[in-house]
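Scroll down for the structure; my scribbles are underneath it.
Note that the structure is predicted; figures quoted are calculated from it, not measured. Both counts, for ligands and for their atoms, begin at 1 and track the order of listing. Scope of the values below: all heavy atoms of this structure, side chains included, with no hydrogens, waters or symmetry mates.
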Amino acid sequence: MTIKEVQDEILRLKQEKDICILAHSYEAREILEIADFTGDSYALSKMAAKAPNRTVIMCGVRFMAETVKLLSPEKTVILSSPVAGCPMAEQFDVSKIRQLKEQFPDHKVVAYINTTTALKTVCDVCVTSSSAVEIVRKMDGDRILFIPDCNLGSYVAKQIPEKRFQFVEGGCPVHAAVKPSAVEEARRLHPDAELLVHPECVPAVTEQADYVGSTSGIMNYAMNSDKKEFIIGTENSIAEHLQYLCPDKRFYCLSKSLICENMKATTLMDVLHCCQGTGGEVIELDQDTLTNARKCIDEMIRLGG
Ligand code: 13P
Ligand code: SF4
């Protein structure tokens with residue numbers, strides 16, 4: 001089958017079986033093209049909750065499919081590729097967080113949305129990369145234990161000097177691997193380009209950026225800017241997608257190592273198999289997990305996230 005034939009069959013099955021397809025922006029183009037919604041993981045979960053369809057396929061990684069299920073427990077949520085995990089989201093288990101809470105009893109535990117649902121059950125509030133600063137600023141209490149990303153945590157801490165932050169070792173292996181020398185090299189090659197960077201990168205990289213923001217923040221900034229050239233400091237698919245969206249501008253990857261193999265685990269054929277009912281994994285969360293993890297999301301919504 002050609003890519004076009006597979007896409008057409010997915011679109012046909014999607015309609016016939018009343019399926020909503022979500023694709024995170026780090027997915028490949030041929031997958032974004034057949035999705036009902038594309039974007040950040042939390043934005044996708046909200047759109048899926050509003051969509052009328054009974055079945056949702058999440059093309060992304062496991063914590064994203066779990067977040068969809070948290071917001072739409074009555075729907076059948078399918079993770080497109082069961083092997084697609086996120087090493088950052090899965091780096092702590094519940095017992096580690098309980099131990100940290102004993103160590104820092106007067107701290108509020110803030111969980112980046114890139115955590116497992118199990119971890120969310122023992123945290124106080126969730127944040128996304130776009131809402132983290134606003135939510136942490138509005139929270140009661142000035143002592144914050146921020147998990148699991150030290151780099152996003154340090155970025156948030158810098159904007160809120162009046163609060164005290166505690167971090168544990170950890171972060172996104174893809175973004176954190178970018179070295180400041182990559183910035184020097186990209187600036188040398190593209191002296192007129194603006195550098196747009198995700199806050200999952202190390203401070204030595206974010207400090208040199210013209211703009212720091214979430215994936216959708218970076219995309220919106222580049223699309224709305226009068227500038228013509230951009231160095232993209234997040235997963236390399238974003239530079240590619242932006243190049244299609246803005247053919248008159250130029251987008252360069254900050255580093256060729258900025259590739260998330262987990263986000264790339266899903267293939268178009270995986271999506272077809274999910275639609276045919278022969279692939280993917282149906283996400284199941286027990287009622288206690290749903291109730292307790294949902295509190296963490298509800299607190300984020302209450303604080304304006
Ligand atoms: P956002 O899309 O929320 O910016 O997160 C980036 C990321 O690492 C997703 O896995
Ligand atoms: Fe996880 Fe990083 Fe991949 Fe996002 S880019 S899914 S945080 S490993």
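- Using a 4.5 Å cut-off between side-chain heavy atoms of Ile, Leu, Val, Met, Phe, Trp and Tyr, with links allowed through other members, Leu258 and Val202 fall into the same hydrophobic cluster.
- When Cys86, Cys172, Gly60 are ranked by how near their heavy atoms come to atom 6 (S) of ligand 2, first place goes to Cys86.
- The distance from ligand 2 to the heavy atoms of Asn114 drops below 4.0 Å at these ligand atoms: 7 (S).
- In the vicinity of Met64, heavy-atom distances shorter than 4.0 Å reach the ligand 1 atoms 9 (C), 10 (O).
- Residue Glu200 touches ligand 1 through its side chain alone, judged by heavy-atom distances below 4.0 Å.
- Annotation for ligand 1: atoms under 4.0 Å from non-hydrogen atoms of His24 are 2 (O), 9 (C).
- A single hydrophobic cluster is not seen to contain both Val197 and Met263; linkage of ILVMFWY side chains at heavy-atom distances under 4.5 Å, directly or through other members, places them apart.
- Protein heavy atom closest to atom 1 (P) of ligand 1, with residue, atom name and distance, is Thr215 OG1, 3.3 Å.
- Near Tyr112, with a cut-off below 4.0 Å to any heavy atom, the atoms of ligand 1 are 5 (O).
- Which parts of ligand 2 touch Met88 is read off a 4.0 Å heavy-atom cut-off, strictly below it: atoms 7 (S).
- To the nearest 0.5 Å, atom OG of residue Ser255 and atom CG of residue Asn236 are 7.0 Å apart.
- Side-chain N or O atoms of Ser154 include one that pairs as donor or acceptor with a backbone N or O of Cys150 at under 3.5 Å.
- Applying the 4.0 Å criterion to heavy atoms of Ser129 picks out, from ligand 1, the atoms 1 (P), 3 (O), 4 (O).
- One distance of note links NZ of Lys101 with CG of Asp124; it measures 5.5 Å at 0.5 Å rounding.
- In Glu200, the part holding a heavy atom less than 4.0 Å from any atom of ligand 2 is the side chain.
- Closest protein heavy atom to atom 6 (C) of ligand 1: Tyr26 OH, 3.1 Å.
- For the ligand labelled ligand 1, residue Glu235 lies outside the 4.0 Å heavy-atom shell.
- Summarising the local packing, NZ of Lys17 is surrounded by more than 12 heavy atoms from other residues, nucleotides or ligands at distances under 6.0 Å.
- Below 4.0 Å from some heavy atom of Pro87 lie the following atoms of ligand 2, by number and element: 8 (S).
- Using cut-offs of 30° and 60° for the angle between ring planes, the Phe230 and Tyr221 rings count as perpendicular.
- Classification of the His190-Tyr252 ring pair by plane angle, with boundaries at 30° and 60°, yields parallel.
- With rounding to the nearest 0.5 angstrom, the NZ atom of Lys295 is 15.5 Å from the NZ atom of Lys120.
- Near Ser214, meaning under 4.0 Å from one of its heavy atoms, ligand 1 places the atoms 4 (O).
- Near Asn114, the atoms of ligand 1 lying under 4.0 angstrom from a non-hydrogen atom of the residue are 7 (C), 8 (O), 9 (C), 10 (O).
- The atoms of ligand 2 that sit less than 4.0 Å from any heavy atom of Cys260 are 3 (Fe), 5 (S), 6 (S), 8 (S).
- Once rounded to the nearest 0.5 Å, the distance linking CD1 of Ile34 with CD of Glu27 reads 9.5 Å.
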